[in-house]
Amino acid sequence: MSDTHNPKSEPFSNAEKDPDDWTTGDEPMTGAQASYLKTLSEEAGAEFDESLTKADASKKIDALQEQTGRGK
């Protein structure tokens with residue numbers, strides 16, 4: 001066995017990476033993000049902002065999941 005670094009053995013996944021550090025975070029949110037965010041926004045009585053970036057949408061989803069008790 002070699003001592004080379006194997007990223008698959010690391011306990012962290014991309015899903016745990018801070019959205020501010022995403023290389024594609026400034027791109028428009030994905031269709032899946034938009035759909036889920038719209039649902040969460042309706043449940044929370046919050047305004048849905050269709051202009052969010054991927055990173056901002058991810059943060060908003062996290063916040064609304066906390067508020068609605070969904071997810072996590």
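- L52 and W22 fall into different hydrophobic clusters, where Ile, Leu, Val, Met, Phe, Trp and Tyr residues are linked whenever their side-chain heavy atoms come under 4.5 Å apart, directly or through other members.
- The side-chain heavy atoms of T39 and R70, taken from C-beta on, include a pair separated by under 4.5 Å.
- Counting all heavy atoms, side chain and backbone alike, A46 lies closest to L64 at CB-CD2, 4.1 Å.
- Between S58 and Q33, the closest side-chain pair of non-hydrogen atoms falls below 4.5 Å.
- In this structure, the side chain of T68 does not engage the main chain of A44 through any donor-acceptor pair within 3.5 Å.
- Here the CD atom belonging to E42 is positioned 10.0 Å from the CG atom belonging to L37, to the nearest 0.5 angstrom.
- Considering only heavy atoms from C-beta on, D62 stays 4.5 Å or farther from K59 through its side chain.
- For the pair Y36/Q65, a side-chain contact is recorded, criterion being any heavy-atom separation below 4.5 Å from C-beta on.
- Atom CG of D20 and atom CG of D56 lie 8.0 Å apart (nearest 0.5 Å).
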